Amino acid sequence: MQPYNRLPSSGHTTPSSPKSPLRSPRHRQGRSKAGKFSTGGGRSSLAQRLSWMLLSVLLRRQGIFLFAPLIYISGMLLYMGTASFDVVPVIKHRDAPGSLYRSPQLYANLKHDMDSDNSSTDAISTIWKTPYRGGEWRPCVNRSLEDLPESNGYIYVEANGGLNQQRTSVCNAVAVAGYLNATLVIPNFHYHSIWKDPSKFRDIYDEEYFVDTLKNDVRVVDKIPEYLMERFGSNMTNVHNFRIKAWSSIQYYRDVVLPKLLEEKVIRISPFANRLSFDAPPVVQRLRCLANYKALRFSTPILTIGESLVERMRAHSAINGGKYVSVHLRFEEDMVAFSCCVFDGGKQETQDMIAARERGWKGKFTKPGRVIRPGAIRLNGKCPLTPLEVGLMLRGMGFTKNTSIFLASGLIYNAEKTMAPLLQMFPNLHTKETLASEEELASFKNYSSRMAAIDYTVCLHSEVFVTTQGGNFPHFLLGHRRYLYGGHSKTIKPDKRKLALLFDNPNIGWRSFKRQLLTMRSHSDSKGIELKRPNDSIYSFPCPDCMCRASRTANRTDDSKSSSAA
């Protein structure tokens, strides 16, 4: 190595600069150029040089990153200015499963396999097989043997609604009158524009039997003494009327109604439907049980024809030992209209339903802001089952074409079309109109409550009762059947939310369809015996207020036998 010379060796040379430090930018730059960016012969391409310059600027001037959002937004605005948004993309709407009525397509798909299925015996002979772990129950409603004390006054009630809503009012009125030690005037049945039935109490129930059964528990009279009515100008509208809130407690009657009764000696309660809470002390519940299961017996004309139709149904069911199925079908025009559900009737159905809603509930369904969602209603299980759906359900549950069916119903909407598939599935189907002659029904035909009482009687004594829609009719039958059949309702109460999903699957196979419905049938069996909870209706759940425990082998008491005529 030559020593460093500060003097130039010639006139054209300059001193050499010292080497750059290893960490200096100059050193890094030179190393990079010699390494990564150097290509054949150490020369860099123009693109590589530009890339390196841009990277160097970004590394040395990091503040430029502050402009990145501005650059991004400018680019987006430039893109939006060149893109066309005149055409809006079409989004296809898919209906939720279970929101459409596709039962006809399902029936067409299953019909062949359904008709050729001989895998099991008729369900009517094997349906009820789940024993209740606490044993059976027996009726234990006893009448009082003691004389009544002096009455505190008279209570007059107006029972509104249809047959079974009026029945609720009567039973509650008995309970209130007995609790207040008052005399009950035979309830007045209020005429309603929907039911259009002017029937009085004695037209539907055996009035003498009612009064006699309650004589040691509640005084019942057919009218208020004239000397008391003179104070009110012999006009009931002048009597003080209590506007009582729905589901009021019995304590309210004691604290508010009783003082006025003691003062006036006559009071009026109108309307009276659902004006007493189901959660009440035992003394009140006993009076309800006594009224419903003992005192209320249908009038002789209704009882006679009802029992006659029961015997005719048993004769038609000889192949199954006299056992038949009763179905409460709610597919009348007013029910279809009120439900706001859509079926397969097309434009004609739409027009019919709009007209029916306007006739029965003027303006109720056309109020500003009211939105009707038929699909959501169906998904929630609120749509009435059609005759076709009832047939599909029962066949899926194991009932064969030979099963005898009694149909309790009013005038079916578009019956010629809607009833045809049900009759194909169950040709041995009857109604009160097919079982009785026109002459036998002549005195009942224009009275909806009396016709409903006939249906009630035939359904009460069937081996299986099927409810397809809520309402007072099935609720009372549930309780009455429990009272008669050891606490078991012997009732099929389908899960209509599950049915909506099942019926909206036209591609399902018969075996899968039947398996799901057999599970639903088994669930109804397991729920046959249920005890009343605090806010449950005593008219649907008579255990334990109206019934007592009994062993499975205990014979039916005379009490239950006598009540079967109710």
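Computed from a predicted structure; not experimentally measured.
Y456 carries R167 over the face of its six-membered ring, with the cationic atom under 6.0 Å from the centre and within 45° of the normal. Judged by a 6.0 Å distance limit and a 45° cone about the ring axis, K490 is positioned over the six-membered ring of Y485.
Counting only distance, with no hydrogens or angles, the side chain of H488 and the backbone of D525 share a donor-acceptor pair below 3.5 Å. In terms of modelled atom types and a separation under 3.5 Å, the side chain of S125 and the main chain of D122 share a donor-acceptor contact. Although no hydrogens or angles enter the test, the distance criterion places no donor-acceptor pair under 3.5 Å between the side chain of R330 and the main chain of M335. Judged purely by atom type and a 3.5 angstrom limit, N109 uses its side chain to pair as donor or acceptor with the backbone of P506. Checked by atom type and distance alone, the side chain of S308 never pairs as donor or acceptor with a backbone atom of T304 at under 3.5 Å. A distance-only check finds no donor-acceptor pair linking the side chain of R268 to the backbone of Y156 [under 3.5 Å]. A donor-acceptor distance shorter than 3.5 angstrom exists from the side chain of D206 to the backbone of Y209, with no hydrogens or angles considered. A distance-only check finds no donor-acceptor pair linking the side chain of T467 to the backbone of K493 [under 3.5 Å].
In the displayed structure, R370 atom CZ is contacted under 6.0 Å by more than 12 heavy atoms of other residues, nucleotides or ligands. The number of heavy-atom neighbours closer than 6.0 Å to NE2 of H316, taken from other residues, nucleotides and ligands shown, is above 12.
The aromatic rings of Y483 and Y293 lie parallel to each other, their planes meeting at an angle below 30°, with 60° marking the opposite boundary. Relative ring orientation between F272 and Y253 is described as perpendicular, the plane-to-plane angle rising above 60° on a 0-90° scale split at 30° and 60°. A tilted orientation is assigned to the rings of F338 and W361, their planes being inclined by 30° to 60°.
We find that K514 and D117 are joined by a salt bridge, their nearest charged nitrogen and carboxylate oxygen being less than 4.0 Å apart. Under a 4.0 Å N-O distance rule, the pair R297/E207 does not qualify as a salt bridge.
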